[in-house]
Amino acid sequence: MNLSKETKFLMNKYNITANKNYGQNFLIDENVVNGIIEQAQVSRNDLVIEIGPGLGTLTSSLLDCAGKVICIELDTNMLKILNDRFGLYNNFELINNDVLKVDLHNLISKNSNFKKVKVVANLPYYITTPIIMKLLEDKLNLTSITVMVQKEVAERLTETPGGKNTGSITYSINYYTNAKTILEVPKTSFIPSPKVDSSVIKLDVLDNPKIKVLNEEIFFKIVKCAFMQKRKTLVNSLSNSGISNKEILENILTELNIDTRIRAEQLTLEQFGMLSDKLSKI
């Protein structure tokens with residue numbers, strides 16, 4: 001049975017429709033599933049955390065490759081389907097909760113027998129960024145994060161700081177990971193078809209952040225504030241946000257050989273780091 005027929009069969013059998021509140025679109029493209037598994041390099045040595053498994057399309061392939069798959073599913077309508085399909089697998093665990101509320105540190109420590117921990121998921125698009133940032137900011141012992149996201153979001157996440165698609169999230173992703181797009185996924189790969197195309201991205205989590213800063217909290221606050229008024233210059237954005245006054249900011253930029261008229265999206269990760277360190281000492 002191909003994935004399209006299997007998905008329709010499951011939806012009919014369990015009287016399921018895609019829940020817009022949970023951003024559900026069911027993947028029906030076998031090539032995409034195979035591509036995700038291949039690029040994530042899932043093996044029997046891996047603990048895989050899948051967020052929002054839905055009907056279990058990706059779960060089925062993950063269970064065939066991984067040492068263990070822990071599925072975190074918020075929608076109670078999906079629990080019976082997932083348990084019916086995979087309940088007899090000895091490497092399957094299902095958690096009914098919002099991933100943002102799950103203690104992932106504890107979950108991973110309970111499964112410390114696995115060499116690597118990987119997140120593999122078709123993320124709900126309405127909550128993509130909070131989920132990814134939780135995974136990174138919690139400093140979990142993750143090897144990689146391979147997820148499907150909205151194409152426009154993928155372009156910001158995988159951009160090089162200073163590129164045309166740069167946003168504040170770009171610096172966070174570059175701080176913690178090496179990021180790349182690995183698959184382009186047309187809207188026809190889903191039931192129902194979303195209004196936008198998607199991309200699968202892979203974030204290889206670094207052992208240590210790409211740059212060293214004196215104060216991470218200040219660093220990320222500066223990046224966030226710099227993009228709150230993106231059309232303004234960096235100096236105006238930061239001074240309007242109360243980070244510091246214009247004179248001090250201009251003096252620091254001059255000292256760092258950075259144009260005082262520069263906009264936030266033009267800075268490199270390293271330049272934001274140097275700026276952060278200067279402001280941390282004030």
Side-chain angles (χ1 to χ4, degrees), residues 1-19 21-124 131 135 140-148 185 189-192 200:
M1 187 184 295
N2 66 34
L3 284 185
S4 179
K5 289 181 179 178
E6 179 183 71
T7 301
K8 291 174 183 176
F9 170 79
L10 290 169
M11 291 174 74
N12 288 331
K13 179 180 177 181
Y14 292 93
N15 193 27
I16 289 290
T17 55
N19 189 324
N21 292 331
Y22 292 144
Q24 288 175 346
N25 299 96
F26 303 124
L27 184 60
I28 57 170
D29 190 328
E30 196 165 342
N31 289 327
V32 174
V33 173
N34 292 338
I36 292 172
I37 300 295
E38 181 182 345
Q39 292 292 333
Q41 298 178 306
V42 178
S43 78
R44 289 296 181 196
N45 293 319
D46 300 337
L47 168 67
V48 172
I49 299 172
E50 185 186 6
I51 301 163
L55 298 173
T57 300
L58 186 56
T59 316
S60 180
S61 295
L62 287 171
L63 287 166
D64 288 339
C65 304
K68 183 176 181 180
V69 180
I70 299 177
C71 294
I72 302 174
E73 177 58 63
L74 179 59
D75 187 357
T76 53
N77 291 323
M78 297 297 161
L79 303 183
K80 178 170 171 53
I81 302 172
L82 293 165
N83 276 317
D84 284 353
R85 293 189 71 184
F86 311 120
L88 295 179
Y89 282 70
N90 60 12
N91 62 337
F92 170 74
E93 181 179 338
L94 179 59
I95 296 172
N96 176 212
N97 205 342
D98 179 346
V99 67
L100 298 179
K101 298 176 181 177
V102 175
D103 185 345
L104 295 174
H105 276 291
N106 185 47
L107 195 65
I108 291 170
S109 68
K110 285 181 178 178
N111 294 274
S112 58
N113 53 310
F114 292 98
K115 289 183 178 180
K116 295 180 179 179
V117 183
K118 299 175 179 178
V119 172
V120 184
N122 174 15
L123 291 180
I131 291 174
L135 296 173
L140 303 166
N141 185 27
L142 297 176
T143 300
S144 62
I145 302 167
T146 305
V147 289
M148 178 136 41
V185 185
S189 298
F190 303 88
I191 296 177
V200 179

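For the single chain, residues carry numbers from 1 onward in sequence order. Being a predicted model, the structure only gives us computed values, none of them experimental.
- Shown here for M78 and L55, the closest heavy-atom pair between the two residues is SD-CD2, 3.9 Å.
- Separation of atoms CD1 (I28) and NZ (K5) is listed at 12.5 Å; rounding is to 0.5 Å.
- Interatomic distance, Q24 CD to N21 CG, rounded to the nearest 0.5 Å: 9.5 Å.
- Side-chain contact between D29 and V185 is absent, with no heavy-atom pair separated by less than 4.5 Å.
- Smallest separation of non-hydrogen atoms from L82 and P53: CD1-CG, 3.7 Å.
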- Message: Does K115 form a side chain to side chain contact (heavy atoms under 4.5 Å, CB included) with T143? I'd like the steps, not just the answer.
- Response: CA-CA 10 Å; K115 289 183 178 180; T143 300; over 6 Å; no
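- Each of L94, V120, L62 was checked for a side-chain contact (heavy atoms from CB on, under 4.5 Å) with V69, and the lone residue meeting it is L62.
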- Checking side chain to side chain contact (heavy atoms under 4.5 Å, CB included) for the pair I95/C71: CA distance, chi angles, key distance, verdict? CA-CA 6 Å; I95 296 172; C71 294; over 6 Å; no
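- Across all non-hydrogen atoms, the minimal contact from I37 to C65 is CG2-SG, 3.7 Å.
- Side chains of I49 and V117 form a contact here, defined as non-hydrogen atoms less than 4.5 Å apart.
- Under the 3.5 Å distance criterion, the side-chain polar atoms of N25 are left unmatched by any main-chain donor or acceptor of I191.
- Separation of atoms CD1 (I108) and CG (L140) is listed at 4.5 Å; rounding is to 0.5 Å.
- Rounding to the nearest 0.5 Å gives a distance of 9.0 Å between CG of L74 and CG of N19.
- Here side chain to side chain donor-acceptor pair (under 3.5 Å) pairs that include residues 94-107, with residues two or more places apart or in two chains, number zero.
- The shortest side-chain heavy-atom distance between I131 and V119 does not fall under the 4.5 Å cut-off.
- Every pair passing side chain to side chain donor-acceptor pair (under 3.5 Å) that includes a residue from residues 52-74 is listed here, sequence neighbours excluded: E50-T59, K68-E93, K68-N111.
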- Take E30 and N2, measure what side chain to side chain donor-acceptor pair (under 3.5 Å) needs, and give me the verdict at the end. CA-CA 8 Å; E30 196 165 342; N2 66 34; over 6 Å; no
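- Between G67 and N91, the shortest heavy-atom contact is O-CB, 3.0 Å.
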- side chain to side chain contact (heavy atoms under 4.5 Å, CB included) assessment of N122 paired with F190: CA-CA 11 Å; N122 174 15; F190 303 88; 3.8 Å; yes
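- Going from atom CZ of F92 over to atom CZ of R85 covers 10.0 Å, rounded to the nearest 0.5 Å.
- Checked against ring pair (Phe, Tyr, Trp, His ring centres under 6.0 Å), Y89 has the following partners two or more places apart in sequence or in another chain: F86.
- T17 OG1 to N12 CG: the interatomic distance, rounded to the nearest 0.5 Å, is 11.0 Å.
- A heavy-atom distance below 4.5 Å is not found between the side chains of I16 and L10.
- L104 places a side-chain heavy atom less than 4.5 Å from the side chain of I72.
- Applying side-chain contact (heavy atoms from CB on, under 4.5 Å) to F114 and the options N45, L47, D46, V48 leaves one that passes, L47.
- Looking only at distances, a side-chain donor or acceptor of K118 sits under 3.5 Å from a matching main-chain atom of Q41.
- D84 and Y14 share a side-chain donor-acceptor pair at under 3.5 Å.
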